[in-house]
Amino acid sequence: MSMPSLPLFLSQLFNGLATGLLLSLISAGLTIIYGTLGVLNLAHGALFMVGAYAGFMALQWTGSFVIAIFGGMVGALVVGLIMERVIVRYYYQRPPEDQILVTFGIGIVITELVRLGFGGIAKPVPVPSWGQGITRIGSLIYPTYRIEMMAIVAVALVGLYVLLYRTRIGMIVRAGIEDSLMVNMLGINVYRVFLLVFGVGAMTAGFAGILNAPILAVTPDMGESFLVMSFVVIVIGGVGSFPGAIVGGIIAGEIISLTSMFSSAYSHVMLFAIMAVLLAVRPQGLFGIEGRE
Amino acid sequence: MTDDNDQKKQKGGMHRRDFLKLGAGVAGGLVFSGGLGRLAQAADYAPIGNYPAGIKGSSVFMGIAVPRTGPYSAQGEDEIKGYLLAIDHINKGTSLARAYSPHSKKGVLGKMIEYGIADNQTKPNVAVQAISKFISDNKAMMVTGSVSSAVAIAAGKLCDRERTIYLPAITGSNATTGKDCQRYSFRACHFAYTSAKALAPVIKNALGAGKKVAYLTPDYTYGHSVYNSMKQFTEAQGWTTVNNQLPPLGTSDFSTYLLNIANSGADVLVNICFGRDAVISTKQAKQFGLLDKMTLVMPYMAPFFADEVGADLLQGVYGTTEFWWTLAEKNPMAKEFVEDFEKRNGRKPGWSAHIAFLQTMLWARGVESAGTFHPPTVVAEYEKGNTIATDIGDVHWRAEDHQLVRPVFVIRGKKPSDMRNKEDFYDIVEGVPGKDVMPPIEQFGCKLGPAA
């Protein structure tokens, strides 16, 4: 195949950033929970889907997409909190394979419950009125909503960063990761902090879910492919690293977009190939710390 | 991820007064069908597949494996509704069942159809597991259901090895009755080659000469088949192929593929995606402004595509379909099917339900005409290629590759203001006769295996 034209290259570069930021957001939720609680939450894709459905319902009731976004966040938050209180917290001290199995199981249950309630046919979530149409940036033609999404996601990621690294709560969270016993002895209820972290991770997934709803089909298994992608992202970026999730997401988005110019069939293959190479050369990922459990 | 083999018994019509069942004796016994006086003696045939183990009781088992999860689940659910409708008509021996299968009374050769439903998850390995269970545990005499050609081909291979009749529902790949054709498998729907051959002249007339075409092709056997056939027939009429994008089955974000198409200079976008992928990719193509500068063509139009993308997007879009409910206006059998389906399900049937219904009816007819469930004899009955009256007109099986020679319907999306009701999405532009669009037998390399 011939070399792609410059306008196409720029389009794909921009598209890689746009899709990459979304992957960053989804992966951030996954990595926050893992980095803090040591639990690899395989129900993350299901929480993403719950966000889309909760947002869809909020949209049906109110007609406002802004309220739908909050609806999606709250929906996933509530489901996440229930998950943590009822099941997951009993697994913090269990081996990782138990945690993986239990969260995977929870994901299936949530997905099937939604299927039972809503059926398998896609629910319509239209692009909001303020996101209609196409924006031209030079030679690039891009859906307005996707550009707005980039901005919203960027703000959300900064917000998460500030919460985790620039607030007292974030400090407690990070201290809890290092030595939860010590934090407990200082009179801080570390389990409440863990609940909070799980909630924030779930809410991030739900937020990503409703934001994505207008461009995807809202179906019970919509989270599956995103769960896989977010794994790739955090493996590239470094499992448990927040900056790793962001950079990993953008790298993944760019790999897919840029490879597709040459061979669309290999764009996802290339992503996994690069992940495999990276695992061989730098097993802890780009931002991971070697040997940290 | 359900793994439901929910088995249901059809209670209705279990007392078969029309039949006189004589002493069972050996293997399946002697069934004497009252009015017609045709005899079927199981003992005459050597055991093969599930014969005669599967016909010892008063019922026969039909294994239904369809996608209930994944990108093709809406079509899978619709297939189930078509199967249930057919089973009910056959078990009750209604006039509609007899229209397909004139020898039928109640059930098939007097046996009630029992069935099991499994979720094949649109995955060949899952389908093979589910079907193996139907064959070994339930002694299925017929297995059916598919939306993905990858599943249909895998299921066909398994059933051929097990000497069990397999009837795929939706499968658009040329390979299904081409290089992967099977002695025990019969395809009734239209497919890549027949669709492309029927569609190409219509879109040339409508859109003009010298068009540049970009393709969005799901990256597996079905997609490649439709791409190859569309390329063949459009290039033969002077159109050029400028781009082909290959997203994997189950893609949720098509942005990167659509940008490549946007920059390809194409003026026609042929979207081969099916099921949910077709819906998402088309919506995203609209969002990326592609549909403002390119005409959309859907060579293998998926059921419910119209309902999910909405009429606005559909106006002037060309495609082909296996069945469309307005056929009821011309054909009394189609009328009865559509009306009964709508009465039970509150909506019109998609072609997924229709193909499931049709395959089941054609099977009942095949078994009744053969006078036995003995699989090689049923296969031989199909291979006679007799003309059969159906709700899509007269059809017949082609013995050499087990493809049904049947019409292909070219459709065009209506203007929203022209729609008479909320499901009146398409005009049937042309019903192209099957004999005009069938490929030469040697083209796709079908070599059927032995029957026994």
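All figures in this text were calculated on a predicted structure; none of them were measured in a lab.
The contact between A:Ile134 and chain B is made entirely by side chain atoms (from C-beta outward), counting heavy-atom distances below 4.5 Å. Interface residue A:Ser225: only side-chain heavy atoms are found under 4.5 Å from chain B. Interface remark: B:Gln287 contributes backbone and side-chain atoms alike to the contact with chain A (heavy atom separation under 4.5 Å). A:Thr219 touches chain B through its side chain: at least one heavy atom from C-beta onward sits under 4.5 Å away, while N, CA, C and O do not. In this structure, chain B has no heavy atom under 4.5 Å from any part of A:Pro220. Residue B:Ser73 touches chain A through its side chain alone, counting heavy-atom pairs closer than 4.5 Å.
For residues 48-57 of chain A, an interface with chain B (any heavy-atom pair closer than 4.5 Å) does not exist. Interface with chain B: from residues 264-278 of chain A, residues A:Ser264, A:Ala265, A:Ser267, A:His268 qualify, criterion being any non-hydrogen pair under 4.5 Å.
When atom types are taken as modelled, the side chain of A:Gln12 and the backbone of B:Leu259 share no donor-acceptor pair closer than 3.5 angstrom. Checking side-chain atoms of B:Asn260 against main-chain N and O of A:Ser260 turns up a donor-acceptor pair under 3.5 Å.
Taking every heavy atom of both residues into account, A:Arg146 and B:Gln284 meet most closely at NH2-CD, 3.5 Å. Shown here for A:Ile141 and B:Phe288, the closest heavy-atom pair between the two residues is CG2-O, 4.1 Å. Residues A:Ile215 and B:Ile280 share a closest heavy-atom pair of O-CG2, 3.8 Å.
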Candidate pair A:Asp221 and B:Thr69, rule side-chain hydrogen bond (donor to acceptor under 3.5 Å, both in side chains), full reasoning: CA-CA 7 Å; A:Asp221 38 22; B:Thr69 51; 5.1 Å; no

Listing, residues 304-317 of chain B side-chain donor-acceptor contacts under 3.5 Å, not counting sequence neighbours, or none:
none

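To the nearest 0.5 Å, atoms OH (B:Tyr257) and CG (A:Asn15) are separated by 10.5 Å. Rounding to the nearest 0.5 Å gives a distance of 11.5 Å between CG of A:Leu8 and CD1 of B:Ile261. A:Asn212 contributes atom CG, which lies 7.5 Å from atom OG of B:Ser252 (distance to the nearest 0.5 angstrom). Taking CZ of A:Phe9 as the start and CG of B:Asn263 as the end, the distance is 13.0 Å to the nearest 0.5 Å.
The side-chain hydrogen bond (donor to acceptor under 3.5 Å, both in side chains) contacts involving residues 346-356 of chain B comprise B:Asp78-B:Arg347, B:Asp78-B:Ser352, B:Glu322-B:His354, B:Glu342-B:Lys348, B:His354-B:Asp391, where partners must be two or more places apart or lie in separate chains.
A:Thr19 and B:Asp253 share no side-chain donor-acceptor pair at under 3.5 Å.
The most heavy-atom pairs under 4.5 Å with chain A, out of B:Gly76, B:Ser264, B:Gly70, come from B:Gly70.
Proximity of A:Leu258 to B:Thr256: side-chain heavy atoms (C-beta onward) are nowhere separated by under 4.5 Å.
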